[in-house]
Amino acid sequence: MKNKILTAITIVVSFVVGGVFTYIVISSPNTSTGATGNFCGTTKCTNKVTVNEKGINDSISKIYDAVVMIENYRNGSVAGTGTGFVYKVDEKYGYILTNQHVVQGADEVKITFSNDNTVDGNVSGGDSYMDLAVVKVSKDAVLQIASIGDSTKSVIGDRVFTVGSPLGYEYRGTVTSGILSGTDRLVTVSVNNGSDTYVMKVLQTDAAMNPGNSGGPLLNINGEVIGINSLKLVQEEIEGMGFAIPIEFAMSHVEKLEKGDKIERPMLGISLIDVGNTALLYQNGIKVDKKITSGVVVASVQEGTGASKSGLKKGDIITKMEGQTIKDSAYLRYELYKYNPGDTIKLTYLRDGKEHTVEVKLTKNSN
């Protein structure tokens, strides 16, 4: 009898302990990621926002009326639409950030706010390589100003969302959500109507993006802008790969764009051919060892530039810039545009199968 009582007590205690343990596990706060993108691990998170319907609604309300639809008019007709957001106002104007490709070639720009008020916009400045532009509107039209965040404080897996105008007017103000899928992605894009290629360092997200979302904000769970939606990979077998320009990069250039100042970029003084472009190499009478699979070939050297003074010549294959591997001409521009006219950089190149290094003083690009 005594053994039966002890057994019963043991069972009861086990249920109680198990129930308490289960409650602790279920009710413990999520300590993996804080709302501001801080990775917590086993430490205590701070400044959390509850990720529920009310939480995301609060976040949306902080940005929704700052987002605008942008219409690009050419010859009196709408040539394309995109998105932008108000990031600043002064005594006269509201300032909108968007992509350069949204306003490229526009004769006229129209801005529609969330209250359906449409006003004229004036493109202050833009840059194709950065894919950024600033549009000014009357201060009186502005409904809300976006809060600028910091993408460097976000980590992979953080909740993010977008507000934009996919497919134009009918679907303006569309909200999509997802996670931050990657940071510091290097994506090759075509610029200047496809005449050049360039590498952009971007944030990756699986939040849905469609034509018309370009230029809109990528936001953290607090409703702060951490990126500017710029492009997505479009292939039949690919889904959910969108990219955004980090907001810190954009904000570091807005002052020049507001003033319409040209972004000065350095020039090496050479024309280039990718090592993989066998047809163009053949046309220029240049032979490249098949074992060499990355780099750029010097096709010609401009007199009076840093390249000509350094001794670079036709047929040299540039493989590194300041120790960074150069895969192709897009990567060369990406590395080159980190510097300014007047800077001196070190290039590594191949000539007759032997590796050489040379210092080149960069000159101002006249384009």
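Sequence positions, counted from 1, serve as the residue numbers for this chain. The basis for the numbers below is simple: all heavy atoms, side chains too, and nothing from hydrogens, waters or symmetry mates.
Closest non-hydrogen pair, Thr162 versus Thr176, comes out as OG1-OG1, 2.6 Å. When all heavy atoms are compared, the tightest approach of Asn284 to Ala299 is OD1-CB, 4.5 Å. Heavy atoms only, all atoms of each residue included: Val155 and Leu180 are closest at O-CD2, 3.6 Å. The minimum heavy-atom distance linking Val163 with Pro217 is given by the pair O-CD, 3.4 Å. The heavy-atom pair separating Thr98 from Ser214 by the smallest distance is OG1-O, 4.2 Å. The shortest non-hydrogen separation linking Val202 to Pro246 is CA-CD, 4.1 Å.
Formation of a donor-acceptor pair under 3.5 Å by the Asp328 side chain with backbone atoms of Tyr331 is found in this model. The closest donor-acceptor contact from the side chain of Gln204 to the backbone of Arg185 lies at 3.5 Å or more, if one exists at all. With hydrogens and angles disregarded, a donor-acceptor distance shorter than 3.5 Å links the side chain of Asn115 to the backbone of Asn117. Judged purely by atom type and a 3.5 angstrom limit, Asp127 uses its side chain to pair as donor or acceptor with the backbone of Met130. Judged by distance alone, the side chain of Asp289 and the main-chain N or O of Lys291 form a donor-acceptor pair under 3.5 Å. Between the side chain of Ser59 and the backbone N or O of Ile221, at least one donor-acceptor pair lies under 3.5 Å. Asp343 contributes a side-chain N or O that, together with a main-chain N or O of Asn340, makes up a donor-acceptor pair within less than 3.5 Å. Under a 3.5 Å cut-off, the side chain of Asn72 and the backbone N or O of Gly80 do not form any donor-acceptor pair. With hydrogens and angles ignored, the 3.5 Å screen pairs no side-chain donor or acceptor of Asp131 with any backbone N or O of Ser128. In this structure a side-chain-to-backbone donor-acceptor pair under 3.5 Å is missing from Thr188 to Val199.
Residues Leu362 and Leu336 are in side-chain contact: their nearest non-hydrogen atoms beyond the backbone lie under 4.5 Å apart. A heavy-atom distance below 4.5 Å is found between the side chains of Lys201 and Tyr334. Between Thr319 and Tyr349 there is no side-chain heavy-atom pair separated by less than 4.5 Å. For the pair Val160 and Ile226, the minimum side-chain heavy-atom distance is below 4.5 Å. Between Met267 and Thr305 the shortest side-chain heavy-atom distance falls below 4.5 Å. Counting heavy atoms from C-beta on, the side chains of Val191 and Thr197 never come closer than 4.5 Å. Annotation: side chain of Ile145 is not in contact with side chain of Lys88 (no heavy-atom distance under 4.5 Å). By the 4.5 Å heavy-atom criterion applied to side chains, Thr83 and Ile70 are not counted as neighbours.
Transitive grouping of hydrophobic side chains (ILVMFWY, heavy atoms separated by less than 4.5 Å) brings Val189 and Phe249 into a common cluster. Under the 4.5 Å side-chain contact rule for hydrophobic residues, Val103 and Val68 share a cluster. In the hydrophobic clustering of this structure, Leu268 groups with Ile326; members are Ile, Leu, Val, Met, Phe, Trp, Tyr whose side-chain heavy atoms approach within less than 4.5 Å, directly or through other members. The hydrophobic cluster containing Leu203 does not contain Phe243, counting ILVMFWY residues as joined when their side-chain heavy atoms lie under 4.5 angstrom apart, directly or transitively. The hydrophobic cluster containing Tyr87 does not contain Met69, counting ILVMFWY residues as joined when their side-chain heavy atoms lie under 4.5 angstrom apart, directly or transitively.
Residue Lys320 places its NZ atom among 12 or fewer non-hydrogen atoms of other residues, nucleotides or ligands, all under 6.0 Å distant. More than 12 non-hydrogen atoms from other residues, nucleotides or ligands lie less than 6.0 angstrom from CZ of Phe161. Within 6.0 Å of atom CG in Asp352, 12 or fewer heavy atoms from other residues, nucleotides or ligands are found, so the atom counts as exposed in its surroundings. Residue Lys361 places its NZ atom among 12 or fewer non-hydrogen atoms of other residues, nucleotides or ligands, all under 6.0 Å distant. Within 6.0 Å of atom NZ in Lys259, 12 or fewer heavy atoms from other residues, nucleotides or ligands are found, so the atom counts as exposed in its surroundings.
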- Test Glu258 against Lys136 for salt bridge (Lys or Arg N to Asp or Glu O under 4.0 Å), laying out the working first. CA-CA 8 Å; Glu258 288 170 6; Lys136 290 194 301 187; over 6 Å; no
Using the rule given for side-chain contact (heavy atoms from CB on, under 4.5 Å), can you reason through Asp120 versus Lys110, listing the C-alpha separation, both sets of side-chain angles and the distance that settles it, and then say yes or no?
CA-CA 5 Å; Asp120 292 328; Lys110 296 286 186 181; 2.6 Å; yes
key: Derivation of the side-chain contact (heavy atoms from CB on, under 4.5 Å) call for Arg172 and Asp116   = CA-CA 10 Å; Arg172 69 198 183 284; Asp116 284 340; 2.4 Å; yes
Evaluation steps, salt bridge (Lys or Arg N to Asp or Glu O under 4.0 Å), between Asp140 and Lys92 = CA-CA 8 Å; Asp140 296 337; Lys92 292 185 178 181; over 6 Å; no
| field | Verdict with reasoning, Lys327 to Thr293, per side-chain contact (heavy atoms from CB on, under 4.5 Å) | value | CA-CA 8 Å; Lys327 296 181 180 179; Thr293 58; over 6 Å; no
Open item on the list: Checking Glu335 against Glu322 for the side-chain contact (heavy atoms from CB on, under 4.5 Å) test, could you report, in this order, the C-alpha distance in whole Å, the side-chain angles of both residues, the deciding distance, and whether it holds?
Closed with: CA-CA 9 Å; Glu335 293 297 335; Glu322 287 292 331; over 6 Å; no
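Salt bridge absent: Asp107 and Arg74 never bring a charged side-chain N and a carboxylate O closer than 4.0 Å. The residues Lys153 and Asp158 are annotated as not salt-bridged, no charged nitrogen and carboxylate oxygen being separated by less than 4.0 angstrom. Lys139 and Glu91 are not joined by a salt bridge, as no carboxylate oxygen comes within less than 4.0 angstrom of a charged side-chain nitrogen.
Side-chain contact check for Thr205 and Ser181: no donor-acceptor pair (N or O, by modelled atom type) lies under 3.5 Å. Side-chain contact, Asn220 with Ser154: no donor N or O sits under 3.5 Å from an acceptor N or O. Side-chain contact annotation: Glu248 with Thr152, donor-acceptor N/O pair under 3.5 Å absent. Tyr95 and Asp90 share a side-chain donor-acceptor pair at under 3.5 Å. If you check the side chains of Thr357 and Thr348, you find no donor sitting under 3.5 Å from an acceptor. Between the side chains of Ser77 and Asn75, no donor-acceptor pair is found at a separation under 3.5 Å. Counted by atom type alone, Ser114 and Asp65 present one or more donor-acceptor pairs between their side chains at under 3.5 Å.
Here the straight-line distance linking atom CD of Gln302 with atom OG of Ser308 works out to 8.0 Å at 0.5 Å rounding. Atom-to-atom distance recorded for Leu132:CG and Ser252:OG is 8.5 Å, nearest 0.5 angstrom. Here the CD atom belonging to Gln283 is positioned 8.0 Å from the CG atom belonging to Asn277, to the nearest 0.5 angstrom. From Asn213, atom CG reaches atom OH of Tyr171 across 13.5 Å, with rounding to the nearest 0.5 Å. Distance check, rounded to the nearest 0.5 Å: OG of Ser310 to CG of Asp316 gives 8.5 Å.
Applying side-chain contact (heavy atoms from CB on, under 4.5 Å) to Val86 and the options Val67, Val142, Leu143, Ile63 leaves one that passes, Val142.
In this structure, Arg333 forms no cation-pi arrangement with Tyr198, as its terminal cationic atom is not both closer than 6.0 Å to the ring centre and no more than 45° off the ring axis.
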